[in-house]
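Below: one structure, written as structure tokens.
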Amino acid sequence: MIRRLKYSQIDFKKYTECLENSVQRNWYSQKEILDQLSGNWHILVYKDYQAVMPIHIYKKFRINFVHMPLFCQQLGIFSKTDDPKINDAFLYFLKKNYTVFLYLFNQDNSFSTTLEKKKNYIIPISDYAILKRKKYFKGRKSTIKVSQHLTYKEIEFDENTMRFFKNNFKGLSKEADWIKLKMYIVFLLENNVLKLCGAYFNDSLINLAVLIKDKKQFSLLSLINDEEYKAENGASFLIDRILSLYIHEKSLNFMGSNIRGIEVFFKSFGAELHEYGFIENKFLKRFS
């Protein structure tokens with residue numbers, strides 16, 4: 001019922017058609033994105049591409065592990081109708097045939113058993129005035145009000161932007177990961193799906209939102225803050241300005257967080273919780 005296809009065996013026309021017609025369609029599952037972020041992936045397929053599941057392979061200690069590519073939030077199973085029985089079959093095949101380090105399903109995958117969950121926050125297409133009046137937290141409204149001395153600009157990716165990135169981006173301890181981020185940014189730029197929005201204080205860039213623009217959604221790849229200007233509330237100013245300009249035509253995907261402070265920040269703009277399941281080998285994680 002479920003079979004494994006190596007990269008060279010994939011019918012990418014059928015794979016893409018399955019993704020495009022799926023109820024779970026997302027950014028990360030596309031061939032071009034996985035080629036960029038993974039470079040070592042194949043698929044599990046149900047019948048004649050009625051459902052597909054991309055798998056990224058990470059090699060360490062001469063062992064092939066199933067893992068998630070860096071900067072990839074959700075993969076999972078893609079099909080016209082989300083069917084828990086079919087999803088269960090994919091999950092069983094995955095656990096039986098692979099050493100799984102970490103695999104993240106998508107928010108529209110359901111199973112007969114309960115998986116551990118991660119949190120994501122999304123603001124759907126909305127009327128900005130109603131969103132701000134009814135769903136913004138009171139404290140967020142006040143923070144935005146006192147940040148109106150800042151200036152909003154949509155900017156190009158250049159040496160100054162890259163310098164701000166490297167000086168203020170947190171979470172990448174390895175130089176190889178930083179190089180991979182830079183390559184991904186260039187890839188997004190070349191494919192015309194990158195939007196950079198900045199908050200300025202006295203002509204100095206103090207906050208930068210890195211967005212991926214899809215047909216109906218902006219995804220927040222990163223919100224980078226210069227901690228020296230934390231008191232200026234640039235992050236709140238920046239997200240509010242982006243919402244005021246674009247939320248009537250595109251949803252905003254905050255790309256999730258299980259860190260309480262960041263979670264509350266997202267929720268304070270009226271973002272809605274969308275959980276997604278995952279499986280993880282806790283023993284292997286200790287040695288990573």
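Nothing fancy with the numbering, it's 1 onward along the sequence.
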Can you list the residues that meet the ring pair (Phe, Tyr, Trp, His ring centres under 6.0 Å) rule with [X], with sequence neighbours excluded?
X    : value
Y246 : F218
Y15  : W41
H274 : none
Y98  : H42

Does [X] have any salt bridge (Lys or Arg N to Asp or Glu O under 4.0 Å) partners at least two apart in sequence or in another chain, and if so, which?
X    : result
D35  : K31
K213 : none
K166 : E175

* Using side-chain contact (heavy atoms from CB on, under 4.5 Å) as the criterion, list what pairs up with L5, not counting sequence neighbours. =>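 Per chain and number, L5 pairs via side-chain contact (heavy atoms from CB on, under 4.5 Å) with R3, Q9, I10, I43, V45, Y49.
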
* Could I get the full list of side-chain contact (heavy atoms from CB on, under 4.5 Å) partners for Q30, not counting sequence neighbours? =>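 W27, E32, I33.
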
* Members sharing M183's hydrophobic cluster (side chains within less than 4.5 Å) -> I179

Sequence neighbours left out, cut at 3.5 Å: what donor-acceptor pairs do the side chains of residues 67-75 make with other protein atoms?
unit_1	atom_1	unit_2	atom_2	d
Q73	NE2	N120	OD1	3.2
Q73	NE2	M255	O	2.7
Q74	OE1	Q107	N	3.0

* Asked: For E116, which residues count as a side-chain hydrogen bond (donor to acceptor under 3.5 Å, both in side chains) partner, sequence neighbours excluded?
  ->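 Scan of E116 (side-chain hydrogen bond (donor to acceptor under 3.5 Å, both in side chains), adjacent residues dropped) gives K282.
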
